[in-house]
Amino acid sequence: MCIACETQLNPEDLNAFGERFLNIMNSANLAMMMSIGYRTGLFEVLREIGPSTSAELAKKANLNERYVREWLGAVTTGGIVECDDTGSVFTLPAAHAAMLTDADGQNVAYLTQFIAVLGAVEDRVVECFRKGGGVPYSAYPRFHEVMATDSHRNVVEALEDRILPLMPEMTERLERGIEVLDVGCGQGRALLELARLFPNSQFTGFDLCPEPVAWARAEAVKRGLSNVTFEIRDLTTFHEDAPPAAFDWITAFDAIHDQARPDHLLAGIRRALKPDGLFLMQDVGASSNIADNRNHHLGPLIYTVSCMHCMTVSLSQGGLGVGTAWGEQMTREFLFNAGFSDVDRHQLEHDIMNYYYVVKP
Ligand SMILES: C[S@@+](CC[C@H](N)C(=O)[O-])C[C@H]1O[C@@H](n2cnc3c(N)ncnc32)[C@H](O)[C@@H]1O
């Protein structure tokens, strides 16, 4: 019996939820250890040297043995690493190595870093729950670095074979030479790759934050690219200050929903596109209705990232805070209000998080 709600409790329901709760706690803690395994190179070294003791692993990875042994305890009891019956020789199973190291090109371990990045601002988010407001980008340690790894996996590696083919003739136009803008470019990984692939075209990246823009500029110099420039620019007023009919192709990779004013930015994009231009928008795939997202394979992840970051950085700029799960219906409404009526939505197999909207003026 639940004394507070005077409802007869079913012991089976209690047990099932108790088990679920334990799973939640174990998985959340394990995710932090996996992030450390990724950052310290422990997964890579364990795959490389095969069955090994904590001392062998620590030596090869150039890390402190005591910490490595404790890490092995977490990832072994969590079913990520296996050990022998003496508890002293550890192995990374092949299927786990395929997804947690760079060996097979499908390393997803980097994603676990987001847990600590978001956890770092918990105090400030709790304060926002009480008082409203938001948390600025500058408060998030390593956000742009981790985001750029995600961009590399989902966008850069898929540009030529999966993303460009969504827009017939775009590759030919890029080869001939066109003007391209990427809004909310972050570290500019996509633009740097496009600039390398298409030397006849000119590429421009705008982003609010100085730190990723500085990284992108330095990287362009390092790679000897003279056809790409990066600018620190607040796009909140882009509806008023976008250069008219200046670009043939505008891209936004995971960068519309967390803007202060997605409506202003989309109107500016419409204004900045040439009449035969195209807008490509990669944004989170969801419904605008929570009820439709109840069985979404990434539901809790999307709403948590929103609450801890995307909605919150937008609100910190006095923005709309539409949230990560603003969803397809709201996306289409915003596009329509910005003057876009020709919208094709695609899903790509390699990217389980996003939709790709190909939009014409
Ligand atoms: C989720 S990140 C995506 C970055 C990049 N496109 C990528 O895929 O790695 C969103 C980006 O939008 C930028 N941003 C947020 N608000 C902005 C604003 N008001 N003006 C310009 N850029 C903004 C952030 O600095 C951040 O780099």
Side-chain angles (χ1 to χ4, degrees), residues 38-39 41 44 101-111 113-114 117 137-138 140-167 169-235 243 246-256 269 272 277-282 348 350-351 354 356:
Y38 174 80
R39 292 183 68 185
E44 295 289 348
T101 72
D102 289 336
D104 273 358
Q106 47 182 331
N107 191 351
V108 288
Y110 74 88
L111 283 168
Q113 296 175 99
F114 277 113
V117 170
Y137 259 96
S138 55
Y140 293 81
R142 301 184 65 242
F143 175 82
H144 294 289
E145 182 191 332
V146 179
M147 186 64 227
T149 313
D150 192 54
S151 171
H152 185 81
R153 287 303 308 279
N154 279 330
V155 179
V156 177
E157 288 180 356
L159 266 176
E160 279 184 282
D161 294 342
R162 295 166 195 251
I163 297 176
L164 283 173
L166 294 176
M167 295 150 291
E169 295 174 23
M170 186 52 79
T171 302
E172 289 76 16
R173 291 175 75 181
L174 285 161
E175 278 164 358
R176 280 201 301 275
I178 55 172
E179 290 284 341
V180 180
L181 171 68
D182 185 32
V183 295
C185 63
Q187 287 192 349
R189 303 281 180 121
L191 274 196
L192 289 162
E193 177 64 358
L194 284 165
R196 182 187 74 78
L197 289 169
F198 302 104
N200 293 334
S201 287
Q202 291 295 324
F203 300 88
T204 305
F206 290 154
D207 199 280
L208 174 72
C209 298
E211 178 204 319
V213 170
W215 189 95
R217 283 179 180 155
E219 197 62 20
V221 173
K222 212 189 289 178
R223 298 185 195 185
L225 298 168
S226 55
N227 58 337
V228 60
T229 54
F230 295 98
E231 239 181 76
I232 299 167
R233 183 147 168 178
D234 185 349
L235 295 165
F247 297 98
D248 302 277
W249 187 30
I250 301 183
T251 55
F253 296 110
D254 194 12
I256 299 294
I269 289 170
L278 264 189
F279 172 40
L280 173 72
M281 171 176 157
Q282 177 214 36
L348 295 177
H350 78 284
D351 185 346
N354 296 294
Y356 290 76

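Counting from 1, the numbers follow the sequence of the chain as shown. Predicted model only: the values in this text are computed from it and were never measured.
Between the CZ atom of Phe143 and the CZ atom of Phe114 there is a distance of 5.5 Å, given to the nearest 0.5 Å. Rounding to the nearest 0.5 Å places OH of Tyr140 at 13.5 Å from CE of Met147. Annotation: the span from Glu169 atom CD to Arg176 atom CZ amounts to 7.5 Å, rounded to 0.5 Å. Separating the CG atom in Leu159 from the CZ atom in Arg189 is a distance of 13.0 Å, to the nearest 0.5 Å. In this structure, the separation between NE2 on His350 and CD on Gln106 is 13.5 Å, given to the nearest 0.5 Å. Going from atom CE of Met170 over to atom CD1 of Ile178 covers 5.0 Å, rounded to the nearest 0.5 Å.
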side-chain contact (heavy atoms from CB on, under 4.5 Å) assessment of Leu111 paired with Tyr38: CA-CA 9 Å; Leu111 283 168; Tyr38 174 80; over 6 Å; no

Working for side-chain contact (heavy atoms from CB on, under 4.5 Å), residues Leu194 and Trp249: CA-CA 12 Å; Leu194 284 165; Trp249 187 30; 3.9 Å; yes

Candidate pair Asp150 and Phe253, rule side-chain contact (heavy atoms from CB on, under 4.5 Å), full reasoning: CA-CA 11 Å; Asp150 192 54; Phe253 296 110; over 6 Å; no

Test log, rule side-chain contact (heavy atoms from CB on, under 4.5 Å), inputs Trp215 and His144: CA-CA 10 Å; Trp215 189 95; His144 294 289; over 6 Å; no

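Residues forming a salt bridge (Lys or Arg N to Asp or Glu O under 4.0 Å) with Glu179 (at least two apart in sequence, or on another chain): none. Residues passing the salt bridge (Lys or Arg N to Asp or Glu O under 4.0 Å) test with Arg153, sequence neighbours excluded: Glu157.
Between Glu219 and Leu192, the closest heavy-atom pair is CG-CD1, 3.7 Å. When all heavy atoms of Gly184 and Ala255 are compared, the pair lying nearest together is O-CB, 3.6 Å. Contact record, Pro212 with Asp207: CG-OD1, 4.2 Å, taken as the closest heavy-atom pair. Nearest heavy atom pair, residue Arg173 against residue Ser201, reads O-OG, 4.3 Å. Across all their heavy atoms, Ile250 and Ala272 have their closest contact at CD1-CB, 3.9 Å.
In this structure, the side chains of Glu175 and Phe198 come closer than 4.5 Å at one or more pairs of heavy atoms. Between Val117 and Glu145 there is no side-chain heavy-atom pair separated by less than 4.5 Å. Using a 4.5 Å heavy-atom cutoff, the side chains of Ile163 and Leu280 are in contact. Looking at heavy atoms from C-beta onward, Phe203 lies out of side-chain contact with Leu225 at the 4.5 angstrom threshold. Residues Arg196 and Arg223 form no side-chain contact, since every pair of their non-hydrogen atoms from C-beta on lies 4.5 Å or further apart. Taking the side chain as every heavy atom from C-beta outward, Leu235 and Arg233 approach each other to under 4.5 Å.
Proximity of a side-chain donor or acceptor of Gln113 to a complementary backbone N or O of Tyr110 within less than 3.5 Å is detected.
Dense packing is recorded around CZ of Arg217, with more than 12 heavy atoms of other residues, nucleotides or ligands lying under 6.0 Å away.
Screening Ile269, Asp182, Leu181 for a side-chain contact (heavy atoms from CB on, under 4.5 Å) involving Phe247 leaves a single residue, Leu181. Evaluated for a side-chain contact (heavy atoms from CB on, under 4.5 Å) with Val180, the options Thr204, Leu174, Asp248 yield exactly one hit, Leu174.
Defined by atom type and a distance below 3.5 Å, a donor-acceptor pair is missing between the side-chain atoms of Asn154 and Gln282.
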